Amino acid sequence: MNERNASPPRVRRMRYRGCAVFLILVVLSGWWLLKQVSKAREATREMACQSCLNQIAFALYWYHDTYEAFPPAVVADEGGTPLYSWRVLLLPYLGCTELYDEFDLNASWDSPQNMRLAARTPPYFRCPSGLSTGDVQSTNYVVISGPGTAFPGTQSTSVSDFQDGVERTILLVEIANSTIHWMEPRDLDLADMSFVIDDPGTPSISSPHPRGPGIVLANNISVYRCQPDMSPAVLKSLMTIAGGEPVAFERPRQRNRWSGRSSQAGEASSGANP
């Protein structure tokens, strides 16, 4: 009776194969689902990162409208000793007036009275993808500082100083794995930084986002993502305000995530004009 009801070997093999195919499909479906969830999370983090860059850029323009100049990269005392960063001066324009009022503008950023505020990092200064590092006091958004840039140091510049054109001048950039405290008078220094996107060995414009780090040009608050193959010569030329370097530009139509409308925007190509 048992032999009569036993499945033939061919049937058993077909059952085993069916189970194997089913398990493979389950694994593939789970992998695909996890991949889609990961993509959705990254898209959300990237949009939040762009929103931070937008907010800071808007605050910089608001400051410029108020004082007819951008804030200096470094605020120093009468003796020239650096005290704190432009990010502190921008607090009232980011809705952080209470924090700004508690800050001692006559003392350095790492003085005892100001270090009491160190952990109260405004959310605009942190990329959501960088929050996992645990260093909540560092900033992922900086300027390019040094002679000839939009932020030469303790001096201020205005839009009228941008002889290369506002559409050919970088105002704000993103960096990954930052060790720069948000109050600290330190940014990306033109003399010491790398002009290779996402350079792992030298401070550079960088990001954990697959589409590349965000930059904001001085002509608007739109965020553009730099590709790793951008020419170092082109990137360096975008960091000065009156260098006179010939730069090849494309003007693609991009989706402005901030306004929800399509708009024309200048973007550096991967090479320079001869």
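All values derive from a computational prediction rather than experimental measurement.
Hydrophobic clustering, with ILVMFWY side chains joined whenever heavy atoms are under 4.5 angstrom apart, groups Leu60 together with Phe162. Cluster annotation: Leu89 is connected to Val159 through the hydrophobic network of ILVMFWY side chains, with a link wherever side-chain heavy atoms come within less than 4.5 Å. Note on Phe195: it clusters hydrophobically with Met230, by side-chain heavy-atom contacts below 4.5 Å among ILVMFWY residues. Taken together through direct or relayed side-chain contacts under 4.5 Å among Ile, Leu, Val, Met, Phe, Trp and Tyr, Tyr63 and Met183 form part of one hydrophobic cluster. Note on Leu190: it does not cluster hydrophobically with Val196, by side-chain heavy-atom contacts below 4.5 Å among ILVMFWY residues.
A donor-acceptor pair is defined here as one N or O able to donate and one able to accept, closer than 3.5 Å; no such pair exists between the side chain of Asp110 and the backbone of Met115. Using a distance-only test at 3.5 Å, with no hydrogens or angles considered, a donor-acceptor pair links the side chain of Thr66 to the main chain of Trp62. A donor-acceptor pair under 3.5 Å is formed between the side chain of Thr169 and the backbone N or O of Gly165. In this structure, Asp101 contributes its side chain and Glu98 its backbone to no donor-acceptor pair below 3.5 Å. Counting only distance, with no hydrogens or angles, the side chain of Thr240 and the backbone of Ala242 share no donor-acceptor pair below 3.5 Å. Checked by atom type and distance alone, the side chain of Glu184 pairs as donor or acceptor with a backbone atom of His181 at under 3.5 Å. Although no hydrogens or angles enter the test, the distance criterion places no donor-acceptor pair under 3.5 Å between the side chain of Thr149 and the main chain of Met239. Trp182 contributes no side-chain N or O that, together with a main-chain N or O of Tyr141, makes up a donor-acceptor pair within less than 3.5 Å.
With respect to the salt-bridge test (charged N to carboxylate O, under 4.0 angstrom), the residues Glu102 and Arg120 qualify.
Side-chain contact check for Thr154 versus Val75: every heavy-atom pair is 4.5 Å or farther apart.
Closest approach of Tyr67 to Tyr93, counting heavy atoms only: CE1-OH, 3.2 Å. Here the closest non-hydrogen pair linking Ile241 and Ala150 is CG2-N, 3.5 Å.
Counting heavy-atom neighbours within 6.0 Å of Phe58 CZ, excluding the residue itself, gives a total of 12 or less. Within 6.0 Å of atom CD in Gln113, more than 12 heavy atoms from other residues, nucleotides or ligands are found, so the atom counts as buried in its surroundings.
No side-chain N or O of Asn140 forms a donor-acceptor pair with one of Glu174 less than 3.5 Å apart. Side-chain atoms of His209 and Glu46 include no donor-acceptor pair closer than 3.5 Å. Between the side chains of Thr202 and Ser204, no donor N or O sits under 3.5 Å from an acceptor N or O.
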Verdict with reasoning, Arg126 to Ser138, per side-chain hydrogen bond (donor to acceptor under 3.5 Å, both in side chains): CA-CA 7 Å; Arg126 292 285 296 163; Ser138 62; 2.8 Å; yes

Arg87 vs Asp187, salt bridge (Lys or Arg N to Asp or Glu O under 4.0 Å): CA-CA, chis, key distance, verdict: CA-CA 10 Å; Arg87 286 174 288 270; Asp187 289 89; 2.9 Å; yes

Chi angles and distances behind the side chain to side chain contact (heavy atoms under 4.5 Å, CB included) call for Tyr224, Cys226: CA-CA 6 Å; Tyr224 306 106; Cys226 295; over 6 Å; no

Show your working on side chain to side chain contact (heavy atoms under 4.5 Å, CB included) between Ile175 and Leu188 and close with a plain yes or no. CA-CA 9 Å; Ile175 58 172; Leu188 277 179; 3.6 Å; yes

Please evaluate residues Phe70 and Tyr61 with respect to the criterion side chain to side chain contact (heavy atoms under 4.5 Å, CB included), reporting the C-alpha separation (whole Å), side-chain torsions for both, the decisive distance (0.1 Å), and the verdict. CA-CA 7 Å; Phe70 292 112; Tyr61 293 125; 4.0 Å; yes

Should Val166 and Leu217 be marked as a side chain to side chain contact (heavy atoms under 4.5 Å, CB included) after you check the CA-CA gap, both sets of side-chain angles, and the distance that decides it? CA-CA 7 Å; Val166 290; Leu217 299 177; over 6 Å; no

Does the pair Phe103 and Tyr84 meet the rule for a ring-ring contact (aromatic ring centres under 6.0 Å, His included), with working shown? CA-CA 10 Å; Phe103 193 90; Tyr84 45 86; 5.1 Å; yes

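Distance check: Gln137 CD to Ser178 OG gives 12.0 Å after rounding to the nearest 0.5 Å. Between the CZ atom in Arg225 and the CD1 atom in Ile215 there is a gap of 10.0 Å [rounded to 0.5 Å].
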